[in-house]
Amino acid sequence: MLQTLAQPPSLLALSRKISLNDYKLKIGFKEVFEMTVFEFVRRQRMEKARVLLENGSLNVNQAASLEGYNNFSHFSALFKKTYGVNPSNYARDVAKT
């Protein structure tokens with residue numbers, strides 16, 4: 001699943017891939033990781049986008065697009081909610097150091 005974060009499989013497709021009922025997958029995943037599958041995917045995508053911005057090889061639009069976010073404002077809001085700063089300011093601040 002980590003290899004396909006930009007286009008993650010649906011919960012049903014994932015459950016079929018591992019031969020598990022989708023309900024049991026949801027319940028078991030939340031019990032083990034203390035978050036939903038969707039939250040896990042979102043956190044991993046945000047972390048990868050943050051790393052891409054830190055590397056400085058991509059601008060914010062490119063990082064958002066690469067991680068599967070077609071709506072830049074949605075990506076920006078999630079990034080700010082996750083890290084407390086908007087992605088443009090984060091990239092600029094990282095570039096200064």
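Here, residue 1 is the first one in the sequence, and each next residue gets the next number. As the structure is a computational prediction, the values presented were derived from the model and not from experiment.
Residues satisfying the side chain to side chain contact (heavy atoms under 4.5 Å, CB included) criterion with Leu12, sequence neighbours excluded, are Ser10, Ser15, Arg16, Asp22. A search for ring-ring contact (aromatic ring centres under 6.0 Å, His included) contacts involving Phe72 returns nothing, not counting sequence neighbours. Ser19 pairs by the side chain to side chain contact (heavy atoms under 4.5 Å, CB included) definition with nothing, not counting sequence neighbours. Shown here are the side-chain hydrogen bond (donor to acceptor under 3.5 Å, both in side chains) partners of Thr82, two or more places apart in sequence or in another chain: there are none. Here Arg92 pairs with Asn89 under the side-chain hydrogen bond (donor to acceptor under 3.5 Å, both in side chains) rule; sequence neighbours left out. Asn70 pairs by the side-chain hydrogen bond (donor to acceptor under 3.5 Å, both in side chains) definition with nothing, not counting sequence neighbours.
Judged as a side-chain hydrogen bond (donor to acceptor under 3.5 Å, both in side chains), the pairs with a partner in residues 24-43 (not counting sequence neighbours) are, in order, Thr36-Glu39. Contacts classified as salt bridge (Lys or Arg N to Asp or Glu O under 4.0 Å) and involving residues 49-60 (residues at least two apart or in different chains) are given here: Glu47-Arg50, Arg50-Glu54. Each salt bridge (Lys or Arg N to Asp or Glu O under 4.0 Å) pair with one or both residues in residues 72-87, not counting sequence neighbours, would appear here, but there are none.
Under the 4.5 Å side-chain contact rule for hydrophobic residues, Phe33 and Ile27 do not share a cluster. Taking hydrophobic clusters as Ile, Leu, Val, Met, Phe, Trp and Tyr residues chained together by side-chain heavy-atom distances below 4.5 Å, Val32 shares a cluster with Met35. In the hydrophobic clustering of ILVMFWY residues, with side-chain heavy atoms under 4.5 Å counting as a link, Leu11 and Tyr23 come out apart. The hydrophobic clustering, which links ILVMFWY residues whose side-chain heavy atoms are closer than 4.5 Å, places Met46 and Val85 together.
Atom-to-atom distance recorded for Phe29:CZ and Leu14:CG is 8.5 Å, nearest 0.5 angstrom. Between the NZ atom in Lys48 and the CD atom in Glu67 there is a gap of 4.5 Å [rounded to 0.5 Å].
Within the 4.5 Å cutoff, the side chain of Asn61 has no heavy atoms near those of the Phe75 side chain. By the 4.5 Å heavy-atom criterion applied to side chains, Asn21 and Leu25 are not counted as neighbours.
Although no hydrogens or angles enter the test, the distance criterion places a donor-acceptor pair under 3.5 Å between the side chain of Gln62 and the main chain of Asn59.
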Are Tyr90 and Phe79 close enough, and set up right, to give a side chain to side chain contact (heavy atoms under 4.5 Å, CB included), and what steps lead you there? CA-CA 10 Å; Tyr90 183 82; Phe79 193 94; 3.8 Å; yes

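Of the candidates Leu53, Leu78, Leu52, Pro87 forms a side-chain contact (heavy atoms from CB on, under 4.5 Å) with just one, namely Leu53.
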